[in-house]
Every structure is written in structure tokens, then in C-alpha cells.
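Right, one structure below, let's go through it.
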Amino acid sequence: VLYISSSTKINFDAIDDDSSVKGTFFAIDESRNNIFEQEFTVNGEGIHSVSYFSLDNVNNEERVKIERFEVDNSPPIINFSFSVQSASEVDDDNGRFDLYPNYSVMFLSATDRDVGTENLYYSVDNGSVMQLDRRLSIELAALNRSGQKRLVTIQIIAEDKLGNRSEKEAKFYIDGI
């Protein structure tokens, strides 16, 4: 199956060395034929088809060709978990948050139903966006080297192989050393 997104541009390039091309015609999902004038996109998730043919200047008609593909606009689903359960909760002016021991590890993943996850990124407290390494984890000790508990916001970004993108935020406290 060929996967595209609704932003994928479809184009035809017909060539006839003898009499030149008069026009190219196409239909999406068995609709009426349209004259091809410029690239187009196909909207709507799911399986679609485009049928097409060209006509030359002496009215020779090319045999109709049909291409099937699936439009995937769904971004990956982001998941995260911790190596241990939260030790307790902390109430502050921003709400109630889980508190994790400093030695905890946060595991990140993203799954994409159709084309697969291409990239997984994260940022800490609106800092620089970094690509997650192969371990797919963040050592919480690296985020809090103080003796006090600290509220941390992790922004997680996942992209699939078509460029569909999702974001998820995790907010929690890390206990001090």
C-alpha cells in the first residue's frame, strides 16, 4: 500500500513524441473525469483511487490506469511511563502533580497505526528541543541536581514518516538529591 497525507501533491507528466499531448484526464474515487491542469491533493483518511489517461493531438487515447493509495493524516500516539510509581503527590498553585524519586527514569514511546514513527523529540521546561536517543528514556536525576523538589514540564513531540505530528505534555515533580 502506498501511503500519502492530504498535503501530498499529485501530478501527471504525459509525453507523446509523435503528436504531442492534447490533455490528461483524471478521476478521484470513480468520480467524473476532470481535465488535469495543476497538481492536486486528496482529502479524507482512508483508501482512495485515482484513474487517469491522456489523449494526444490525433485523438489516440491512452489506456486508463488506476493507482490506489491510503491517505493517512493521523499523527503518532505518544505514551510515557516511569521506572517506579510516584512516591506521593505535591499540591502547588498550578495544581496537583506526582512526585518521582530522583533516581527514576521516564520512558517515552510513540506508535503510529499505518506508516510508523519517524522521530521522537522532547524539551524540558520550554528549553531546546532535542531528539530522543535509542534508549527512549530520560534520566530524571539529570533534570534535578538540587536538594529540593522541582516541578518539571516535559514537552514530547512525535512525527510519523509522512510528517504528521503530535504533542503531549508531562508535568511532575522530581525529588531532590
Side-chain angles (χ1 to χ4, degrees), residues 1-12 28-29 31 38-50 66-177:
V1 174
L2 172 66
Y3 289 95
I4 66 171
S5 72
S6 60
S7 63
T8 303
K9 297 192 183 319
I10 299 173
N11 191 13
F12 300 109
I28 301 170
D29 295 330
S31 64
Q38 64 184 15
E39 11 180 74
F40 61 93
T41 59
V42 177
N43 295 318
E45 291 239 356
I47 297 173
H48 296 276
S49 65
V50 172
I66 300 173
E67 300 295 334
R68 287 179 175 63
F69 51 89
E70 185 167 343
V71 173
D72 172 19
N73 294 321
S74 299
I77 296 170
I78 297 170
N79 299 294
F80 62 87
S81 62
F82 295 87
S83 60
V84 297
Q85 289 186 341
S86 72
S88 63
E89 293 180 330
V90 176
D91 290 314
D92 68 14
D93 295 339
N94 298 310
R96 175 174 278 190
F97 302 97
D98 287 330
L99 171 66
Y100 290 94
N102 188 278
Y103 57 81
S104 303
V105 176
M106 181 181 192
F107 299 101
L108 305 174
S109 67
T111 55
D112 189 80
R113 179 181 58 110
D114 292 319
V115 297
T117 301
E118 182 73 11
N119 294 304
L120 197 54
Y121 303 97
Y122 73 99
S123 70
V124 179
D125 295 332
N126 294 317
S128 299
V129 174
M130 299 170 281
Q131 188 164 12
L132 201 60
D133 65 21
R134 282 184 277 178
R135 291 175 297 163
L136 301 177
S137 63
I138 302 170
E139 304 279 337
L140 298 190
L143 304 180
N144 187 11
R145 299 195 186 278
S146 75
Q148 299 176 359
K149 60 184 169 229
R150 175 178 173 228
L151 181 62
V152 174
T153 302
I154 307 280
Q155 189 69 30
I156 308 158
I157 304 160
E159 292 176 337
D160 72 12
K161 295 179 182 192
L162 292 173
N164 297 314
R165 184 180 176 123
S166 60
E167 295 186 22
K168 191 171 191 175
E169 183 179 271
K171 214 172 206 180
F172 54 90
Y173 272 90
I174 303 171
D175 210 354
I177 298 174

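Here the CD1-CE distance, from Ile138 to Met130, works out to 7.5 Å after rounding to the nearest 0.5 Å. With rounding to the nearest 0.5 Å, the separation of CG in Asp72 from CG in Asp112 is 5.5 Å. Taken to the nearest 0.5 Å, the CD1 atom of Ile10 stands 7.5 Å off from the OG1 atom of Thr41. Interatomic distance, CG of Asp114 versus CD of Glu70, reported as 4.5 Å (0.5 Å rounding). Taking OG1 of Thr117 as the start and CG of Asn164 as the end, the distance is 10.5 Å to the nearest 0.5 Å.
Qualifying side chain to side chain contact (heavy atoms under 4.5 Å, CB included) partners for Gln148, counting only residues two or more places apart in sequence or in other chains: Ser146. In this view, Glu67 satisfies the salt bridge (charged side-chain N to carboxylate O under 4.0 Å, His left out) rule with no residue, not counting sequence neighbours. Applying the side chain to side chain contact (heavy atoms under 4.5 Å, CB included) test to Leu136 and every residue at least two apart in sequence or in another chain returns Leu120, Leu132. Contacts of Ser7 classified as side chain to side chain contact (heavy atoms under 4.5 Å, CB included), with partners at least two apart in sequence or in another chain: Ser5. Considering only residues two or more places apart in sequence or on other chains, Asp91 meets the side chain to side chain donor-acceptor pair (under 3.5 Å) condition with Arg96. For Glu167, the salt bridge (charged side-chain N to carboxylate O under 4.0 Å, His left out) criterion is met by Arg165, not counting sequence neighbours. For Ser104, the side chain to side chain contact (heavy atoms under 4.5 Å, CB included) partners at least two apart in sequence or on another chain are Ser83, Val84, Tyr100, Pro101, Leu140.
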### Message
Pair Asn144, Val152 - check side-chain contact (heavy atoms from CB on, under 4.5 Å), show working.
### Response
CA-CA 9 Å; Asn144 187 11; Val152 174; 5.8 Å; no
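Taking the side chain as every heavy atom from C-beta outward, Ser86 and Leu99 never approach each other to under 4.5 Å. Taking the side chain as every heavy atom from C-beta outward, Ile28 and Phe40 approach each other to under 4.5 Å.
Residues in residues 127-139 take part in these side chain to side chain donor-acceptor pair (under 3.5 Å) pairs, two or more places apart or across chains: Asn119-Gln131, Asp133-Arg135. Within the structure, ring pair (Phe, Tyr, Trp, His ring centres under 6.0 Å) pairs that include any residue of residues 122-144 do not occur (at least two apart or interchain). Contacts classified as salt bridge (charged side-chain N to carboxylate O under 4.0 Å, His left out) and involving residues 1-10 (residues at least two apart or in different chains) are not found.
Contact detail for Pro75 and Ser166: the closest heavy-atom pair is CB-CB, 3.6 Å.
By the 6.0 Å contact criterion, CD on Glu39 is enclosed, its count of non-hydrogen atoms from other residues, nucleotides or ligands being greater than 12.
Listed for the Asp98 side chain is no donor-acceptor partner under 3.5 Å among the backbone atoms of Glu89.
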Would you mind writing out the side-chain donor-acceptor pairs for residues 43-50 within the sub-3.5 Å range, not counting sequence neighbours?
residue	atom	partner	partner atom	Å
Glu45	OE1	Ser74	OG	3.3
Glu45	OE2	Asn73	N	2.8
Glu45	OE2	Ser74	N	2.9
Glu45	OE2	Ser74	OG	2.9
His48	ND1	Asp29	OD2	2.6
His48	NE2	Gly44	O	2.6

Between side-chain atoms of residues 168-177 and protein atoms elsewhere (two or more places apart, or another chain), which donor-acceptor pairs fall under 3.5 Å?
residue	atom	partner	partner atom	Å
Lys168	NZ	Ile78	O	3.2
Tyr173	OH	Asp92	OD2	2.4

